[in-house]
Amino acid sequence: MATKWSNSLIPTARQAPADAEVPSHQLMLRAGMIRKLGAGVYTYLPLGLRAIQKAMQIIRQEMDQAGAIEILMPTFQPIELWEKTGRREAYGQNLFVVKDRHGREQALGPTHEEIVTELAGAYIESYRDLPKTLYQIQTKFRDEFRPRFGVLRSREFQMKDAYSFHLELDGPGGLSETYDKQYAAYCRIFERCGIPYEIVEAEAGPIGGNASHEFMVPSPTGEDFILKSDKGNYAANVEKCEIGPRPRNLEAESKGDLAVIDTPGCLTIEDVCKFFKKNLGTKLKTQNMLKTLVCKAGDTWVIGVVRGDHELNEAKLRKAAGESDLVMADEAEARDAGFAIGFVGPHVAVGRTDVKLFVDPDAAQGGFWVTGANAADQHVKLFNWQRDVIDQGTLPEVADIRNALDGDPSPKEDGGILQMTKGIEIGHVFKLCSKYTQALNVQVVNENNERINPLMGCYGIGVNRIIASAIERDGGNDEHGIIWPVNIAPYQVLITPIKYEGEFVELADKLATALEAQGIDVLIDDRQERPGVKFKDADLIGIPWRITLGDKALAQESVELKARNGSNGPKGELVKIDAVVAQLVAAIQ
RNA sequence: CGGGGCGUAGCGCAGCUUGGUAGCGCGCCACACUGGGGGUGUGGAGGCCGCAGGUUCAAAUCCUGUCGCCCCGACCA
């Protein structure tokens, strides 16, 4: 049976709440798809639910096609598992932890690596059981520090997550094979959903290579930064993006003597620049300063130096230093170890055997650097690498350790230039290898009866984000409302009788029944509203095809057919009643 | 976590400075007119002014606390 508008719950609104900033959020609220219950928590009303279910159905079909098997794991998870893998710490505040009546802590799952690995440990015992790919679609919880943009960053959301288990990385049945299958399935899913996407390299983790990819919808409202070479042969997210070779010159001569300047309370680069302008009358640019960041790996201090206007990339520094456990140093601890946090300069490394010094090429230059004086409330100017560090017996290592920026050279070394855009992450595929099977001591026996940790892959899709991205995408909305891709639209056809009475009732029902017999879902606007109201609402909720029933067309035994995306003209077209079903079937399938 | 702001009807907002019986637009209900792009009129309903204390004859308004929400920043999927 076709849905009658009056029987559904579609609370459209003329105005969006003031706190809805981005188009998808505003339109989902105005179209009556969702209702906010609290920060980052939404009820899905009928239209929202239908859209999400359409996306889920496509995902299911493609997962099944790719050989994955659906299961459903608990949201409510023993905290011990999270402690064993170290992710309680790693997730930190983003992990929801609840106590039961006995005071035991449980996590509300933000993802399910621990749970699925435990499951595999219980039932997958032999290489004969491999490979195996399990997936689920369910609710995840993340205590986002700052939920925003409606459904794009919420605290409770729908995710498809798949996990695969393998004996080997390569070859038949290997992790790479399944990874490629999932990758291909993702492409089909997003194509069927009708959303434009780009695939970028993401931070790969322990085994390197192309071990992780993110699927991004290009959009100014995205929160992830993507860099693409203008040669079209490289794309990566900002955490991952390497930068091509850049000139360096550590040996440049100084332009004057090192001078200490009192800079009371100037803890940041910005502070120092303001101080120079205000108190010294000198215009100091951030790019003429050196930012010296103190990190720690085990007992070793690792200092990363980047230009004042650049950002340190921790993952790059970690790789350059060869220290997998490198993190930003605790401030108090660093102070105790002799680092004047806020006033650190690269020459702090001089004479210290417990410090490794790394410098980004853009910072490894001559010039008149202003940087910390390694004493509280003091900076120095005219810092010079050769004189103040190298001649003092410390050799800094030059390495790419900063985040890439628009205009940087491509790592492909083909003259390409990186360009920065923003995107919404809708999918992520990742080779986990044995991280979790080791942590949770899951083993299988191989052909030689040896016990080994199976390799894992994980593959996630943000279902809500598919819906929001479909609206955010180019052509996904206009000044009147949403424009759905046909495959994830809440309904494919909206029948709008100008008057819902008499022969129009019968005609609407007849067309709806005929369309539904062809597998097309239909919403009938049976409300006793003025035509203008119905048309405005139709545009707002964005159903791809609208059949308008009115006297004018009926006099010619016709109806009006209009595509929401304008593909059959701004006013649509007149179609004979007998022909409209066939025409829609052809257009939709 | 730092800075800023906001909580008054379903939504958008005014009222607060200078305390004196709570207002506007949209939406909602009834009736009439109207009837192909949010129409018009008349009449209505709807608020513990986030919550708790305090000051006062009197608090939406002033004070204190608290909770919630939002924005910017730092942090992070």
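Throughout, a chain's letter reflects where its sequence line sits, starting with A, and its residues are numbered from 1.
- Look at CD1 on A/Ile498: it is 18 Å from P on B/U34, rounded to the nearest Å.
- Counting only heavy atoms from C-beta on, A/Glu314 has its side chain closest to B/C76 among B/G37, B/G38, B/C76.
- Considering only side-chain atoms of A/Asn94, the nucleotide from B/G12, B/G38, B/C76 that sits closest is B/C76.
- When all heavy atoms of A/Gln77 and A/Gly109 are compared, the pair lying nearest together is NE2-CA, 3.5 Å.
- Pairing partner, B/A74: none, since no Watson-Crick or wobble contact has both distances short of 3.5 Å.
- B/U17 and B/C6 have their P atoms separated by 14 Å, given to the nearest Å.
- Remark: P of B/G37 and CG of A/Asp478 are 18 Å apart, rounded to the nearest angstrom.
- Distance NZ (A/Lys140) to C1' (B/C76): 19 Å, rounded to an integer number of Å.
- Taking the P atom of each, B/G39 and B/G2 are spaced 48 Å apart, rounded to whole Å.
- For a distance-only test at 3.5 Å, the side chain of A/Asp537 qualifies as a donor-acceptor partner of the base of B/G38.
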Report the C-alpha separation of A/Leu312 and A/Phe358 in whole Å, then their side-chain angles, then the decisive distance to 0.1 Å, and conclude whether the side chain to side chain contact (heavy atoms under 4.5 Å, CB included) test is met. CA-CA 11 Å; A/Leu312 177 75; A/Phe358 290 87; over 6 Å; no
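- The nucleotide whose nearest atom lies closest to any side-chain atom of A/Asp539 is, among B/G37, B/G36, B/C76, B/G37.
- Taking atom C1' on both B/G5 and B/G50, the two are 16 Å apart, rounded to the nearest angstrom.
- Looking at the side chain of A/Glu21, the nearest of the listed nucleotides B/C71, B/G12, B/G36 is B/C71.
- Interface remark: the A/Gln15 side chain does not form any donor-acceptor pair with the B/G10 base, using a distance-only criterion of under 3.5 Å.
- Nearest to the side-chain atoms of A/Arg14 among the listed nucleotides B/C71, B/G39, B/G37 stands B/G39.
- The nucleotide whose nearest atom lies closest to any side-chain atom of A/Ala39 is, among B/C11, B/C69, B/G27, B/C69.
- Aromatic ring pairs are classed by plane angle as parallel below 30°, tilted from 30° to 60° and perpendicular above 60°; the pair A/Phe215 and A/Tyr197 is tilted.
- Projected onto RNA chain B by closest heavy-atom contact, A/Arg148 and A/Leu549 fall at different nucleotides, the more 5' of which corresponds to A/Leu549.
- Across all strands shown, B/A58 forms no Watson-Crick or G-U wobble pair with both distances under 3.5 Å.
- With rounding to whole Å, A/Asp19 atom CG is found 12 Å from B/G12 atom C1'.
- Put simply, CG on A/Leu293 is 13 Å from C1' on B/A74, counting in whole angstrom units.
- Among the atoms of the strands shown, base atoms are found under 4.0 Å from some heavy atom of A/Arg546.
- B/A74 and B/G54 have their C1' atoms separated by 37 Å, given to the nearest Å.
- Nucleotide B/U40 forms a Watson-Crick or G-U wobble pair with B/A32, both donor-acceptor distances falling under 3.5 Å.
- Between the side chain of A/Gln136 and the backbone N or O of A/Met73, at least one donor-acceptor pair lies under 3.5 Å.
- Taking the P atom of each, B/G19 and B/A60 are spaced 14 Å apart, rounded to whole Å.
- Below 30°, between 30° and 60°, or above 60°: for A/Phe339 and A/Trp301 the angle between ring planes is between 30° and 60°, a tilted geometry.
- Put simply, the side chain of A/Glu529 and the base of B/G38 share no donor and acceptor less than 3.5 Å apart.
- No engagement by A/Ala538 is indicated, since no non-hydrogen atom pair under 4.0 Å with the nucleic acid exists.
- As rounded to the nearest Å, B/U42 and B/U34 have C1' atoms that lie 15 Å from one another.
- At distances below 3.5 Å, not a single donor-acceptor pair connects side-chain atoms of A/Ser8 with backbone N or O atoms of A/Ile10.
- Among the atoms of the strands shown, none is found under 4.0 Å from any heavy atom of A/Gln93.
- Nucleotides B/U40 and B/G27, compared at atom P, are 9 Å apart to the nearest Å.
- Taking the six-membered ring for Trp and thresholds of 30 and 60 degrees, A/Tyr179 and A/His213 have ring planes inclined between 30 and 60 degrees apart.
- A/Lys36 comes within 4.0 angstrom of sugar-phosphate atoms only, judged by non-hydrogen atoms across all strands, and of no base.
- Rounded to an integer number of Å, the gap from A/Gln528 CD to B/C31 P is 13 Å.
- Using a 4.0 Å heavy-atom distance criterion, A/Lys534 is classed as making no nucleic acid contact.
- Pair assignment for B/A14: none, as no Watson-Crick or G-U wobble contacts are both less than 3.5 Å.
- Using a 4.0 Å heavy-atom distance criterion, A/Arg30 is classed as a base contact.
- For the pair A/Lys552 NZ and B/G37 P, the computed distance is 8 Å after rounding to whole Å.
- Pairing partner, B/C6: B/G68, with both Watson-Crick or wobble hydrogen-bond distances short of 3.5 Å.
- Across the interface with RNA chain B, nearest-nucleotide mapping of A/Ala18 and A/Ala553 shows A/Ala18 to be the residue nearer the 5′ end.
- Of the candidate nucleotides B/U34, B/G38, B/G36, B/U34 has the atom lying nearest to any side-chain atom of A/Arg530.
- The structure places OG1 of A/Thr43 at 9.5 Å from CD1 of A/Ile34, a figure rounded to the nearest 0.5 Å.
- Atom CZ of A/Phe535 is separated from atom C1' of B/G38 by 12 Å (rounded to the nearest Å).
- Rounded to a whole angstrom, the distance from the P atom of B/G4 to that of B/G15 is 22 Å.
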